[in-house]
Visitor: 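Got a structure here, written out as structure tokens. Questions coming.
In what follows, every chain begins at residue 1, and chains take the letters A, B, ... in the order their sequences are listed.
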There are 2 protein chains.
Amino acid sequence: MRRTKVAAILKDTEYGKEVNIKGWVRTRRGNKFVNFIALNDGSSIHNLQIVADVSKFDESLIKRITTGSAISVVGTLSESAGGGQKVEVQANTIEILGDCNADEYPLQPKKHSLEFLREIAHLRFRTNTFGAITRVRHAMIFAVHKFFSEKGFYNIHTPIITASDAEGAGEMFRVTTMDVNNIPKTEEGKVDYSQDFFGKSTNLTVSGQLEGELAALAMSEIYTFGPTFRAENSNTARHLAEFWMIEPEMAFYDLNDNMDLAEEFTKYLLNYALENCSEDLEFLSNRQKEEEKNKKDEDRSMELIEKLKFVVDNDYVRLTYSEAIDILMNSKPHKKGKFQYPITGFGSDLQAEHERYLVEKHFKKPVILTDYPMSIKAFYMKQSEDGKTVRAMDVLFPQIGEIIGGSQREEDYNKLLERMRALDLPEEEMYWYLDTRRFGSVPHSGFGLGFERLMLFVTGMGNIRDVIPFPRTPKNAEF
Amino acid sequence: MRRTKVAAILKDTEYGKEVNIKGWVRTRRGNKFVNFIALNDGSSIHNLQIVADVSKFDESLIKRITTGSAISVVGTLSESAGGGQKVEVQANTIEILGDCNADEYPLQPKKHSLEFLREIAHLRFRTNTFGAITRVRHAMIFAVHKFFSEKGFYNIHTPIITASDAEGAGEMFRVTTMDVNNIPKTEEGKVDYSQDFFGKSTNLTVSGQLEGELAALAMSEIYTFGPTFRAENSNTARHLAEFWMIEPEMAFYDLNDNMDLAEEFTKYLLNYALENCSEDLEFLSNRQKEEEKNKKDEDRSMELIEKLKFVVDNDYVRLTYSEAIDILMNSKPHKKGKFQYPITGFGSDLQAEHERYLVEKHFKKPVILTDYPMSIKAFYMKQSEDGKTVRAMDVLFPQIGEIIGGSQREEDYNKLLERMRALDLPEEEMYWYLDTRRFGSVPHSGFGLGFERLMLFVTGMGNIRDVIPFPRTPKNAEF
């Protein structure tokens, strides 16, 4: 008899038929006549209730049905008499697939702290919260591929190991096969990278963008979706050493096309979550409320589903960085000295507090800022005619601030080269990037979305370590 | 006016309407009255023919329309008079987006060797062959996600940086932030990994399987799709240092369920390619024929589309390793001493030549071999009652031999522990893997598919460096 998943059974109304369900026991309760087993197999936030007539089973078997044990049940699908669920299964046979010693099992049927669950990340998939996050994460992954596929974008696997340090996006991880007990040296006493695996110094990628551009300037529209790395020693709720990025790059797109795509894309993802993950979102919304119940009203987050709809239902406001600076300079928190990082005028780097002010207080809509000062943005961004700004864009969301950063890319060979020289970037090593501006260069644009940032937004979780299965952070590479 | 993609225009029959196309010039030919420009934007293996009445354009503009240049054309969609294409566009305006100096551009309108194109991997997307491979690769990526999504599997991002060396799957790349000029040492003179980023020695993952199992033993059915790494110094057409793997893991699956899934999955992927990439496959088939035209008949590959249908249309033969050994011992090539690696009996490791003999000569069908000797398989495979085999399976395809390797996993805590001890694996470090067998263990199975292996099979390319955009091999981490 083939197993049916819990999610399917919960929607089934063909009462009286025999079904087989397999899963892990969340709880067993009851009395000496009847037992109720809450069974979960990862397919739904909801458990299936198994009703066991105690007289039909060995006492020793019933005792082994403990929290965390795995069982296979054959039984009759029935309309549930109790509240809280529509269907239940009257057990005819129960088989123990795997025991679970209650004294040793770290997951008890009670609330565990997220910190504790992080330490047992190999088991936390078995909790309601992490089951929900795993399902939502999958839905978002699939939605990313679906969105771009339907638009004719091609997914490009850009390299993880690279020899280039072009982005200067922060500290990088070295990748090496050299014996660290005995690093090979040249006659001059320097590290002899010619003896390393790739014959040169190599690192883990910080972004697939530059390679993505190479593909876009032949295939028109591409996207990357892969792991990226930062060796920053930041132990915060917002930083991971290893995280996943989505980076679309599009030939023939100017900054407006880029903004249109970013808005359409983010709305598509959130809509997809609302339509396909409603039960999990509802659970996560309640989890967040519960977590924040002791906070003051003004410190509470926007309700999760309301927050997603806030983005989906509003047109994103588009304005320039300079306009935003004016708004911020005239704002109450600025005048009252309430910003932790004071705005001093053009050139100020915006922090989450400023971004959130614009979104949550001033416009009450998602915001796209454009035309940032050249000095605070990357070398590859298209220079404007004013000589001081670049065609950059940041998409700002409530609660988290920047969720997307992008730009039109500089397609002019001479301007790009000049900028690289000004920043002392290794132009010989990056001949391949420059080549795309020498041979059939076209206007093009792209952006990056940090996938775990999106996951924080969609799930309402507060710590980025909780939205990726096995987080990598300073001093932590467990599992 | 919005740009239309070449792929869409080629299917359009609304003659007379005005369209805008942007792309890269493949060739321009013609006479002093009329020029024909073959334009490609990556959306199709076929170029769009642009017809330019020379008298309507500046001579200087026409001269700049060279191979590799990028142009934007506004013109009238017309039924093509010439052969080879249904539609063409009569140019009204032509704008040069990016020039391309013909003397410096490495890609000329002639056949380049694959070796040469590997050296200019940043530009090879602009060739017919690599355009086709990129589109097919995308289609296969999407098909993987679609297949598993529709079955209720969850995609799990397993970690890239790991501290475990459990698989023993070969040489690994070290990941470190230690200063290689000045490796920190302990008082005893050993490398002081406590000062490394993660506080211990870390590597790039060789497989996501073990972490995938953790997720499967809560979510039921999961799959990974991510980069994996081998620091093997193998400079062959079959090895990459960085490659992508797909690894499904399923709770409640025995070896038969595992085989069913592997067969359904591979057939789904090939069917998807046949249905969605027919023009690219036709091109790649012709490319392969052309490349092999000087070979002897018996050395030629099976025709590409025929080969894909050979897999899709046949039931995979399932037999045990021991049965396969008997067949091989009784085979002509064995008796005539034609195998490069002679089969000596139970315990012999099968090579591609043996696998191909079984598939191509003996059964003339794809083959799944099961129940391999324990001694030649990994520690986590389920031990059979005979005490000498494990519930492993390898799926064998024509031409490439093994395309999938998998097994039922050992769910018995004591047997698994015993095996790990016998192989001297670090049981303390792998407590998390063992925990899943202590707490609610269930029968489960999984397999791995090397994505570039699949790509070799689907595209008919001969060198694995040509089916990934930017290959990483010994002494090569360019781009």
Visitor: Quick one: what part of B/Arg472 sits under 4.5 Å from any heavy atom of chain A, side chain, backbone, both or neither?
Guide: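 Looking at B/Arg472, backbone and side chain both touch chain A.
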Visitor: Please step through ring pair (Phe, Tyr, Trp, His ring centres under 6.0 Å) for the pair A/Phe198 and B/Phe173, ending with a clear verdict.
Guide: CA-CA 11 Å; A/Phe198 295 106; B/Phe173 289 103; 5.5 Å; yes
Visitor: At a heavy-atom distance under 4.5 Å, which candidate from A/Pro106, A/Ser149, A/Gly152, A/Ala477 has the highest pair count against chain B?
Guide: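 So the answer, after comparing A/Pro106, A/Ser149, A/Gly152, A/Ala477, is A/Ser149.
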Visitor: Under a 4.5 Å heavy-atom cut-off, does chain A meet the side chain of B/Ile156, its backbone, both or neither?
Guide: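 For B/Ile156, the contact with chain A is made by the side chain alone.
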Visitor: Answer yes or no: is there a side-chain heavy-atom contact under 4.5 Å between B/Glu221 and A/Lys5?
Guide: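 Yes, at least one pair of side-chain atoms sits under 4.5 Å.
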Visitor: So for B/Phe451, is it side chain, backbone, both, or neither that comes closer than 4.5 Å to the heavy atoms of chain A?
Guide: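 For B/Phe451, the side chain is the part near chain A, not the backbone.
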Visitor: Do B/Asp280 and B/Arg135 sit within salt-bridge range, that is, some charged N less than 4.0 Å from a carboxylate O?
Guide: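 Result for this pair is yes, salt bridge flagged.
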Visitor: Is a donor from one side chain sitting under 3.5 angstrom from an acceptor on the other, for A/Asn128 and A/Arg26?
Guide: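 Yes, side-chain donor-acceptor contact under 3.5 Å.
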Visitor: Determine the option with the most heavy-atom pairs under 4.5 angstrom with chain A, choosing from B/Ser220, B/Ala70, B/Ala139.
Guide: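 It is B/Ser220.
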Visitor: Counting only heavy atoms closer than 4.5 Å, note whether A/Trp432 contacts chain B via side chain, backbone, both or neither.
Guide: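 For A/Trp432, heavy atoms of backbone and side chain both lie under 4.5 Å from chain B.
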Visitor: Pair B/Tyr253, B/His444 - check ring pair (Phe, Tyr, Trp, His ring centres under 6.0 Å), show working.
Guide: CA-CA 5 Å; B/Tyr253 277 50; B/His444 63 291; over 10 Å; no
Visitor: Mind ranking A/Thr177, A/Asp412, A/Ile183, A/Thr176 by heavy-atom pairs under 4.5 Å with chain B and telling me who comes out on top?
Guide: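 Most heavy-atom pairs under 4.5 Å with chain B: A/Thr176.
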Visitor: Just by distance, with hydrogens left out, do B/Asn40 and B/Arg126 show a side-chain donor and acceptor under 3.5 Å apart?
Guide: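 Short answer, no.
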Visitor: Say whether A/Asn20 and A/Ser72, considering side chains only, have a donor N or O and an acceptor N or O under 3.5 Å apart.
Guide: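 Judged by distance alone, the side chains do pair up.
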Visitor: So what's closer than 4.5 Å to chain A heavy atoms on B/Ile160: side chain, backbone, both or neither?
Guide: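 Both backbone and side chain.
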Visitor: So for A/Pro474, is it side chain, backbone, both, or neither that comes closer than 4.5 Å to the heavy atoms of chain B?
Guide: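 Interface part for A/Pro474: both.
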Visitor: Measure B/Glu95 against the heavy atoms of chain A and call it side chain, backbone, both or neither at under 4.5 Å.
Guide: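 It is neither, since no heavy atom gets under 4.5 Å.
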Visitor: Is A/Ile161 close to chain B through its backbone or its side chain, or both, or neither, when contacts mean heavy atoms under 4.5 Å?
Guide: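 Both parts, backbone and side chain.
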Visitor: Just give me the residue among B/Asn181, B/Asn155, B/Thr436 that pairs up with chain A most often, heavy atom to heavy atom, under 4.5 Å.
Guide: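 Most heavy-atom pairs under 4.5 Å with chain A: B/Asn155.
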Visitor: With a 4.5 angstrom heavy-atom cut-off, is it the side chain or the backbone of A/Thr66 that approaches chain B, or both, or neither?
Guide: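 Neither the backbone nor the side chain of A/Thr66 comes within 4.5 Å of chain B.
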Visitor: Should B/Lys185 and B/Asp192 count as an ion pair when the cut-off is N to O under 4.0 Å?
Guide: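 Looking at B/Lys185 and B/Asp192, the cut-off is not met.
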Visitor: Side chain, backbone, both or neither: which part of B/Thr202 has a heavy atom under 4.5 Å from chain A?
Guide: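 For B/Thr202, side-chain heavy atoms alone lie under 4.5 Å from chain A.
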Visitor: So which of A/Ser69, A/Pro443, A/Pro469 has the largest heavy-atom pair count under 4.5 angstrom toward chain B?
Guide: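 Highest number of heavy-atom pairs under 4.5 Å: A/Pro469.
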Visitor: Counting heavy-atom pairs under 4.5 Å with chain A, which one of B/Glu478, B/Met178, B/Lys190 comes out on top?
Guide: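 Highest number of heavy-atom pairs under 4.5 Å: B/Glu478.
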Visitor: For B/Thr127, is it the side chain, the backbone, both or neither that has a heavy atom under 4.5 Å from a heavy atom of chain A?
Guide: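 For B/Thr127, there is no contact with chain A at all, as no heavy atom is under 4.5 Å.
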Visitor: Which region of B/Asp99, side chain (C-beta onward) or backbone (N, CA, C, O), has a non-hydrogen atom less than 4.5 Å from a non-hydrogen atom of chain A, or is it both or neither?
Guide: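 Only the backbone of B/Asp99 comes within 4.5 Å of chain A.
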Visitor: Can you tell me which portion of B/Glu242 sits under 4.5 Å from chain A's heavy atoms? Options are side chain, backbone, both or neither.
Guide: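 For B/Glu242, side-chain heavy atoms alone lie under 4.5 Å from chain A.
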Visitor: Below 4.5 Å from any heavy atom of chain A, which atoms of B/Arg437 appear? Answer side chain, backbone, both or neither.
Guide: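 Neither part.
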Visitor: Heavy-atom pairs under 4.5 Å with chain B: which of A/Tyr413, A/Phe470, A/Phe479, A/Tyr105 has the most?
Guide: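 The option with the most such pairs is A/Phe479.
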Visitor: About how many Å separate NZ of B/Lys200 and NZ of A/Lys475, when rounded to the nearest 0.5 Å?
Guide: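 Here the rounded value is 11.0 Å.
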Visitor: Can A/Arg174 and A/Ser201 be counted as having a side-chain donor-acceptor contact under 3.5 angstrom?
Guide: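 A donor-acceptor contact under 3.5 Å links the two side chains.
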Visitor: Check this for me: does any side-chain nitrogen of one of B/Arg438 and A/Glu104 sit under 4.0 Å from a carboxylate oxygen of the other?
Guide: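 Judged by the 4.0 Å cut-off on N to carboxylate O distance, B/Arg438 and A/Glu104 do form a salt bridge.
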Visitor: Given the options A/Thr134, A/Ile141, A/Val442, A/Ile120, which has more heavy-atom pairs under 4.5 Å with chain B than any of the others?
Guide: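 Top option by heavy-atom pairs under 4.5 Å: A/Ile141.
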Visitor: Could you check which of B/Ile222, B/Val180, B/Val25, B/Leu204 has the highest count of heavy-atom pairs closer than 4.5 Å to chain A?
Guide: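 Among the listed options, the one with the most contacts to chain A is B/Val180.
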Visitor: Any chance the side chains of B/Tyr223 and B/His145 put a donor and an acceptor closer than 3.5 Å?
Guide: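 Present: a donor and an acceptor within the cut-off.
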Visitor: Contact part of B/Arg64 toward chain A, heavy-atom cut-off under 4.5 Å: side chain, backbone, both or neither?
Guide: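 For B/Arg64, no heavy atom lies under 4.5 Å from chain A.
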Visitor: Chain B heavy atoms under 4.5 Å from A/Ala216: which part of the residue, side chain, backbone, both or neither?
Guide: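 The answer is the backbone of A/Ala216.
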Visitor: Can a donor-acceptor pair be found between the side chains of A/Tyr433 and A/Glu213 at a distance below 3.5 Å?
Guide: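 Their side chains do contain a donor-acceptor pair, which is all the 3.5 Å distance test asks for.
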Visitor: Closer than 4.0 angstrom, basic N to acidic O: yes or no for B/Glu119 and B/Arg124?
Guide: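 Salt bridge absent between B/Glu119 and B/Arg124.
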Visitor: Set out, in order, the CA-CA distance, both residues' side-chain angles and the distance that settles ring pair (Phe, Tyr, Trp, His ring centres under 6.0 Å) for B/His138 and A/Phe153, then state yes or no.
Guide: CA-CA 9 Å; B/His138 171 75; A/Phe153 284 56; 9.3 Å; no
